[in-house]
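Below: one structure, written as structure tokens.
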Amino acid sequence: MAFPVVGLVVATVLLVWFLNSRRKSNKNKNLKELPGPTGLPIIGNLHQMGKHPNEQFCKWTKQYGDIYQVKIGKNLTVVVSNPKLCKEIFSTDPAFSGRPKFDEFGIYENEHLGIINSEGDVWEVHRRFLLRQLRDFGFGKSAMETKILEELNEVLGKFKAQEGKPVTRIRQTLRLALVNSLWTILANQRFNHDDPQLLKLALNTSDTFNEILEGGALLIFVPWLKYIIPEKSGYNAVRGVLEENKTFFTKVVGEHKRDLQEDNLRDFIDVYLAEVRKANDDANSHFHGTQAERQLVATLFDLFFAGSDTTATTISWTMLLLSKFPNAQKKLQQEVDEITGSSRQVSVDDRPNMPYMNAVLEEILRFSTIVPDGVAHRSMADREFHGYHIPKDAIIQPNLYYIHFDPKIWGDPENFRPERFLSADGKKFQKSENLQAFQVGRRQCVGETLARDTLFLYITNIFQQFSTELDASSKDHDLKVEVGFIRAPTDYSVIMKDRLNK
Ligand code: HEM
């Protein structure tokens, strides 16, 4: 008797769910519904995602086309796998520039502060302010170049000390150096590379996030797991590192507040706090009071992490790829030697004269695609896009990996071939709109200029000074990756030979 009753209840629930989802998706009768795989009640297509969601997204692109929808837990996600459509959706309509509200992952739980997680006026005002200040304190300035070179020279010294022996853990070494050059702009402070505080902040946080996301990001899509299995779902680990970060950044902001001198603004934190002082009597200002200070803490966290692991992983890819493809390494060294000889280090001013290096950098950004699923946006209103209905709160996710490896665009995407970014005679660098490593449009990476300058300086100066080859233990590295939020190469080691002081 029990079985038919349970069956009836289940059937009724399914029917209600089905009718409800039809009703919701057909809210606007004139618009088409995006194609996509049929999911199950409650979990949607979550069970089909596996450990590496991007692989499944790519399979669905082949099946359903350049834009389709999929339901991941409670989230309707629109996946866009075409560069022109990405440009259009992220550039034109401001409604598509929101961020999904992943409450558990903010430095202040359930709040959406900082740059990466905020939206609307708060985001616009702070993004504009950040861009202006970073330009004044760093981007495109020789002071910034000096700071980058200082850290880089420490890294080169470490490589030199290991000359002839296998150099391992390259990504970690780079992460520490890159956190430091950022931290001097933000807080006018520098850590020793073996400072335990730095190691804890720089390495633990990214590693924890990557581990959670490598596990299929279940906590993002089924957040109520935190109440049932807080340990296993990764909730405790995520909140643990976020709380540590919050404590550290809050302490640094407190110290800056104590020492603030408005006629001697030392760094980004000082400039921000001076703005907060100015807004003291203006309760309507986005820089008013303690809420603005919390916004500052969240922004520092965003920059610390968005800025260091991304750049470090890209350089780590470079050292692997140029060791694996020695012809490209030799061509790059020839170009560097022609421009600078061995008498001076390469400077950002040399960039326009180095077409091959520019092509190498674009090809590395394409081939590594360190953020394969991009950073998702949220539709802040019901919208039409190419005749399709995109409901409010839909997540818009660019499939950068598919875009960067689409044979229709690149011909031979699996080959590492910097020449694809050169003119036919090989003399001129040619940019491509199909390369979207920093995404495009209203929320495009604010650190792109800094990242490109840093990558240029690291890659050219490392290969000016050293030749690298894969160590015997890594000879057969097949470019396998660890997939978390960041797509990094699996561990490898290289042998470095000093070219300048043989
Ligand atoms: C190779 C290096 C880097 C890559 C590939 C990269 C990639 C990205 C991508 C794909 C986005 C998402 C854009 C969007 O949502 O439309 C993004 C956003 C962002 N990036 Fe980067 N990034 C890099 C370096 C940096 C650096 C050095 C910084 C900081 C100094 C930085 C700070 C940010 C911030 C704050 C955002 C959020 C922008 C917003 O929401 O308005 N990134 N980045």
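Just so you know, ligand 1 is whichever comes first in the structure, and atom 1 is the first atom listed for that ligand. The chain is numbered in sequence order, starting from 1.
- Below 4.0 Å from some heavy atom of R127 lie the following atoms of ligand 1, by number and element: 38 (C), 39 (C), 41 (O).
- Atoms of ligand 1 lying under 4.0 Å from any heavy atom of A437, numbered from 1 in the order shown and given with element: 5 (C), 7 (C), 10 (C).
- Atom NZ of K158 has more than 12 heavy atoms from other residues, nucleotides or ligands within 6.0 Å.
- Salt bridge K246/E243: present, at least one basic N to carboxylate O contact under 4.0 Å.
- Remark: distances from the non-hydrogen atoms of Q436 to ligand 1 are all 4.0 Å or more.
- Taking every non-hydrogen atom of V375 and a distance limit under 4.0 Å, the qualifying atoms of ligand 1 come out as 11 (C), 12 (C), 15 (O).
- At a heavy-atom distance under 4.0 Å, no atom of E448 approaches ligand 1.
- At least one heavy atom of H377 sits closer than 4.0 Å to an atom of ligand 1.
- Ligand-side atoms of ligand 1 in range of R99: 14 (C), 15 (O), 39 (C), 40 (O), range being under 4.0 angstrom from any heavy atom.
- Of the candidates L178, T314, D309, T299, the one placing a heavy atom closest to atom 1 (C) of ligand 1 is T314.
- Of all atoms in ligand 1, numbered sequentially from 1 with element shown, those under 4.0 Å from a heavy atom of W123 are 39 (C), 40 (O), 41 (O).
- In L130, neither the side chain nor the backbone holds a heavy atom less than 4.0 Å from any atom of ligand 1.
- Listed by number with element, the atoms of ligand 1 under 4.0 Å from a non-hydrogen atom of L182 are 30 (C).
- With a 4.0 Å cut-off on non-hydrogen atoms, F90 does not touch ligand 1 at all.
- By heavy-atom distance, the residue among I185, D302, T310 lying nearest atom 2 (C) of ligand 1 is T310.
- With respect to the salt-bridge test (charged N to carboxylate O, under 4.0 angstrom), the residues E55 and K59 do not qualify.
- The pair K101-E119 meets the salt-bridge criterion, since a charged nitrogen lies less than 4.0 angstrom from a carboxylate oxygen.
- For the pair R443 and ligand 1, the shortest N or O to N or O distance falls below 3.5 Å.
- No close placement of the Y401 and F57 rings is indicated, their centers lying 6.0 Å or farther apart.
- Less than 6.0 angstrom separates the ring centroid of W183 from the ring centroid of F249.
- Here is the list of ligand 1 atoms found below 4.0 Å of a heavy atom in V446: 32 (C), 33 (C), 34 (C), 35 (C).
- Taking OG of S97 as the start and CD1 of I396 as the end, the distance is 11.0 Å to the nearest 0.5 Å.
- Looking at M319 and M496, their side chains come closer than 4.5 Å, going by heavy atoms from C-beta outward.
- Taking the ring centroids of F102 and H112, they lie at or beyond the 6.0 Å cut-off.
- No option in H386, H389, Q69 other than Q69 meets the side chain to side chain contact (heavy atoms under 4.5 Å, CB included) test with L34.
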